[in-house]
Undergrad: 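Can you keep this structure in mind? I'll have questions shortly.
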Amino acid sequence: MYVFLFLYVIINNMNYEDILKSDYFNETYKKIEELKKDFYVNHGFIHINGVIKNAKYLADIFCLNQKQKDLLLIASALHDVGYMLGRENHASNGGKLVYEFLKDKMVEEDVNLICRAIACHGGKKEDDFLCPISLCLILADKLDFTKERYKDDGKEHENLPLFKSIEKVILTKEKNNNFRLKIYTTNKELFKNLNNNYYFEKLFEVFRKLKNVYSYEIKVDFIEFKSVN
Ligand SMILES: [Fe+2]
Ligand SMILES: [Fe+2]
């Protein structure tokens with residue numbers, strides 16, 4: 001009886017910090033960094049840390065309870081492991097890989113919530129936003145576009161100067177269902193025309209879905225960033 005109780009407590013106490021220390025996490029993202037080393041955007045440790053940081057404040061903004069927040073942080077840490085099998089379908093592949101990794105380590109219900117959030121972190125369908133854990137993971141991932149994530153020595157890309165100018169990205173909740181996304185940039189000019197910008201079109205598409213599902217209104221401000229020096 002006590003042995004089972006002890007195992008239950010161990011199994012349910014797993015948190016994202018345990019994941020970050022695991023060989024699975026470190027070896028998997030090391031391989032993904034190697035696979036994507038010539039790409040101009042980081043999909044390894046820098047990105048995962050960015051997504052975890054975003055997930056922490058989004059969990060508060062969207063009023064997740066402690067349990068949901070814990071699951072969101074685990075999902076954030078593991079959300080891109082599907083890149084091991086290539087970019088195509090990396091979200092759904094990630095859900096399957098993470099299920100195999102977690103199934104003996106956590107209770108089934110929690111594993112399912114984490115894997116479902118990972119499998120739909122692209123936010124392609126409106127249904128993907130219904131679970132608050134999934135909603136926060138989609139946004140935490142999409143909002144990780146500050147300059148740290150973009151490589152100086154990466155393959156040249158037309159978006160590189162634009163992203164390298166972004167110092168901070170902050171989502172704040174205003175009254176009722178209104179939100180404001182503040183993007184601090186050292187060069188506001190670069191954001192004058194975002195038509196045909198693939199990344200921002202995807203981001204605005206996510207905002208449209210949030211409006212359809214929850215009536216959330218998200219306004220975007222591009223703010224000139226001034227260094228204190
Ligand atoms: Fe992803
Ligand atoms: Fe990601």
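Both backbone and side-chain heavy atoms feed into the values below; hydrogens, waters and symmetry mates do not.
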Undergrad: Please work out which of the three classes, parallel, tilted or perpendicular, describes the rings of F200 and F163, given edges at 30° and 60°.
TA: parallel

Undergrad: My understanding is that only one of N112, I74, L97 makes a side-chain contact (heavy atoms from CB on, under 4.5 Å) with L102; could you say which?
TA: I74

Undergrad: Taking the side chain as every heavy atom from C-beta outward, state whether K211 and R208 have any pair of such atoms under 4.5 Å apart.
TA: no

Undergrad: List the steps, then state whether side-chain contact (heavy atoms from CB on, under 4.5 Å) holds for I61 with F179.
TA: CA-CA 10 Å; I61 286 180; F179 293 80; 3.5 Å; yes

Undergrad: Counting distance only, does the side-chain N/O of N176 pair as donor-acceptor with the main-chain N or O of N178 below 3.5 Å?
TA: no

Undergrad: Taking D60 first and then K69, would you say they form a salt bridge - that is, a charged N and a carboxylate O separated by under 4.0 Å?
TA: yes

Undergrad: Distance-only, no hydrogens or angles: does the N26 side chain make a donor-acceptor pair with backbone N or O of L20 under 3.5 Å?
TA: yes

Undergrad: Would a 4.5 Å heavy-atom cut-off, applied to side chains only, mark N212 and F129 as touching?
TA: no

Undergrad: Can you name the nearest heavy-atom pair linking C136 to L64, along with the distance?
TA: SG-CD1, 3.7 Å

Undergrad: Please give me the minimum heavy-atom distance between F222 and K188, naming the atom from each residue.
TA: O-CE, 3.3 Å

Undergrad: In terms of heavy-atom contacts, does CD of E174 have more than 12 from other residues, nucleotides or ligands at under 6.0 Å?
TA: yes

Undergrad: Please test F191 against N197 for side-chain contact (heavy atoms from CB on, under 4.5 Å), starting from the C-alpha separation and ending with a verdict.
TA: CA-CA 10 Å; F191 297 85; N197 182 299; over 6 Å; no

Undergrad: Can you check whether A140's main-chain N or O pairs, donor with acceptor, with N54's side chain at less than 3.5 Å?
TA: yes

Undergrad: Decide yes or no for L171 and Y57: does some side-chain heavy atom of the first lie under 4.5 Å from some side-chain heavy atom of the second?
TA: yes

Undergrad: Tell me whether the rings of H121 and H79 are parallel (<30°), tilted (30 to 60°) or perpendicular (>60°).
TA: perpendicular

Undergrad: So T28 and L78, do their side chains get closer than 4.5 Å, heavy atoms only?
TA: no

Undergrad: With hydrophobic residues grouped by side-chain heavy-atom distances under 4.5 Å, do I46 and F25 end up in a single group?
TA: no

Undergrad: Are N15 and L73 close enough, and set up right, to give a side-chain contact (heavy atoms from CB on, under 4.5 Å), and what steps lead you there?
TA: CA-CA 8 Å; N15 64 32; L73 295 180; over 6 Å; no

Undergrad: I'd like to know if the side chain of K151 reaches the main chain of F39, judged simply by a donor and an acceptor atom lying under 3.5 Å from each other, with no hydrogens or angles considered.
TA: yes

Undergrad: Do the side chains of I32 and M84 get nearer than 4.5 Å, heavy atoms only?
TA: yes

Undergrad: Please determine whether the number of non-hydrogen atoms from other residues, nucleotides or ligands lying under 6.0 Å from atom NZ of K53 exceeds 12.
TA: no

Undergrad: Using the benzene-type ring in the case of Trp, are the ring centres of Y199 and F145 under 6.0 Å apart?
TA: yes

Undergrad: Evaluate the side-chain proximity of L162 to T185: yes if any heavy-atom separation is below 4.5 Å, no if none is.
TA: no

Undergrad: Taking NZ, NE, NH1 and NH2 as the nitrogens, is one of them in K202 or E205 under 4.0 Å from a carboxylate oxygen of the other?
TA: no

Undergrad: Kindly indicate whether the side chain of V51, heavy atoms from C-beta on, has any atom under 4.5 Å from the side chain of D80.
TA: no

Undergrad: Could you walk me through whether V41 and R149 pass the side-chain contact (heavy atoms from CB on, under 4.5 Å) test, one step at a time?
TA: CA-CA 6 Å; V41 190; R149 198 179 164 199; 3.3 Å; yes

Undergrad: Kindly give the heavy-atom pair with the smallest separation between L137 and A117, and that separation in Å.
TA: CD2-O, 3.5 Å

Undergrad: Can we call the ring centroids of F62 and Y216 under 6.0 Å apart?
TA: yes

Undergrad: Got a second to check how far K164's NZ is from L160's CG, nearest 0.5 Å?
TA: 6.5 Å

Undergrad: State whether K67 and D70 are salt-bridged, where the test is any N-O pair (Lys NZ or Arg NE/NH1/NH2 against Asp/Glu carboxylate O) under 4.0 Å.
TA: no

Undergrad: Please assess K192 against E189 for the test salt bridge (Lys or Arg N to Asp or Glu O under 4.0 Å), listing each intermediate value before the final yes or no.
TA: CA-CA 5 Å; K192 269 199 163 151; E189 286 292 305; 3.2 Å; yes

Undergrad: Is a side-chain donor-acceptor pair under 3.5 Å present for E33 with N42?
TA: yes

Undergrad: Between Y83 and L35, is there shared hydrophobic-cluster membership here, with clusters defined by ILVMFWY side-chain heavy atoms closer than 4.5 Å?
TA: no

Undergrad: Between A55 and L72, which heavy-atom pair has the shortest distance, and what is it?
TA: O-CD2, 3.6 Å

Undergrad: Would a 4.5 Å heavy-atom cut-off, applied to side chains only, mark I170 and Y184 as touching?
TA: yes

Undergrad: Establish, from distance only, whether the side-chain atoms of Y214 and E126 form a donor-acceptor pair under 3.5 Å.
TA: no

Undergrad: Search all heavy atoms of G50 against all heavy atoms of D144 and return the closest pair with its distance.
TA: CA-OD1, 3.7 Å

Undergrad: Between N93 and E88, which heavy-atom pair has the shortest distance, and what is it?
TA: ND2-O, 3.8 Å

